[in-house]
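None of these values were measured; they are calculated from a predicted model. Atoms within each ligand, like the ligands themselves, are counted from 1 in listed order.
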Amino acid sequence: MASPIIDTEGLTKDYHLGPHTVHALRGVSVTFERGEFVAVMGPSGSGKSTFMNLLGCLDTPTGGSYVLDGERVAGLSPDALARIRNAKIGFVFQQFNLLPRTSALENVELPLLYAGLTARERRSRARTRLESVGLADRASHHPSQLSGGQQQRVAIARALVNDPAVILADEPTGNLDTRTSVEVLALLQRLNRDGLTIVLVTHELDIAAYASRSLTFRDGRLKNDDRTAKPRDAAATLAELPVEEDEAA
Ligand code: ADP
Ligand code: MG
């Protein structure tokens, strides 16, 4: 049997603010199998971002263990964490985080700068990824020349270009209107069906409904872990939504 992609045991994170200690995570044990699409829910301050930062090797836990794709992560040096992060994690953010005066293609190429490829290989891989998110004809556009949905698709192509083991998305539809949000979810669902593991933070039940599993955090603890055999299908939702004029082009 394949090992889980993510396995945490008693994960804790304390923040020290002067004399005070904030217990942001109070012992989270959870396992994600390869190919899962997991939504992370919970009220503000419940520990969602702290949890995602630990999963993404952006921060180190105070206690507990974390195994990512077979590698024991807790306790590694910042350099080792950065190496694992570059190789295994693709990040997608609410604000897209694209470089402004840089083409879509160059934005997607960025994570490959450290991969030891030739310029031609980088370009070719980035182009393939842009095609896979339906943006082949926008390769030379700058972010300001793209809609919000297109910018998020560029960001998803960038997150995928290193062939990561998992995509971590923090409120990826938070800045998008309803139809565009569902388009982004349709893309994520397609990638997930092709085998990609996705962990997505959202505070909207309507968005979490597209995931096959929902975790709910409360006060730094995992309160609920629900699986659904039949998540909503974003492509089907799209077919029922009216097309707006400016999106028809
Ligand atoms: P969420 O993403 O669910 O809103 P967070 O993980 O951001 O929650 O925060 C969990 C708790 O940890 C909150 O009480 C927050 O104030 C605290 N916290 C988060 N980051 C820091 C930090 N860098 N320093 C101190 N406290 C923090
Ligand atoms: Mg947060």
Quick one: are Met52 and Leu58 in side-chain contact, heavy atoms under 4.5 Å? no

Would you call the rings of Phe217 and Phe51 parallel, tilted or perpendicular, taking 30° and 60° as the class edges? tilted

Quick one: which residue pairs count as a side chain to side chain donor-acceptor pair (under 3.5 Å) with a foot in residues 197-208, not counting sequence neighbours? Glu171-His203

Could you note down all residue pairs passing side chain to side chain donor-acceptor pair (under 3.5 Å) where residues 89-99 supplies at least one of them, sequence neighbours left out? Gln94-Asn175, Gln95-Asn175

Can you name the closest pair of heavy atoms from Glu36 and Thr31 and give their distance? OE1-O, 3.9 Å

Heavy atoms only: give me the nearest Pro100-Pro143 pair and the separation to one decimal. O-CD, 3.1 Å

Given 3.5 Å as the limit, does a donor-acceptor pair link the side chain of Asn192 with the main chain of Gly35, or not? yes

Candidate pair Leu188 and Tyr210, rule side-chain contact (heavy atoms from CB on, under 4.5 Å), full reasoning: CA-CA 10 Å; Leu188 293 175; Tyr210 293 93; over 6 Å; no

List below, pair by pair, the N or O atoms of ligand 1 and of the protein that are less than 3.5 Å apart, including the distance to 0.1 Å; reply 'none' if no pair qualifies.
from     : atom 1 : to    : atom 2 : distance (Å)
ligand 1 : 2 (O)  : Ser49 : N      : 2.9
ligand 1 : 2 (O)  : Ser49 : OG     : 2.9
ligand 1 : 3 (O)  : Ser46 : N      : 3.2
ligand 1 : 3 (O)  : Ser46 : OG     : 3.4
ligand 1 : 3 (O)  : Gly47 : N      : 3.1
ligand 1 : 3 (O)  : Lys48 : N      : 2.9
ligand 1 : 3 (O)  : Lys48 : NZ     : 2.9
ligand 1 : 4 (O)  : Gly45 : N      : 2.7
ligand 1 : 6 (O)  : Thr50 : N      : 2.9
ligand 1 : 6 (O)  : Thr50 : OG1    : 2.6
ligand 1 : 8 (O)  : Gly47 : N      : 3.1

Protein N, O or S atoms less than 2.8 Å from the Mg ion (ligand 2), ignoring waters? Ser49 OG

Taking a hydrophobic cluster as the set of Ile, Leu, Val, Met, Phe, Trp and Tyr residues connected by side-chain heavy atoms closer than 4.5 Å, whether directly or through intermediates, do Phe91 and Leu185 fall within one such cluster? no

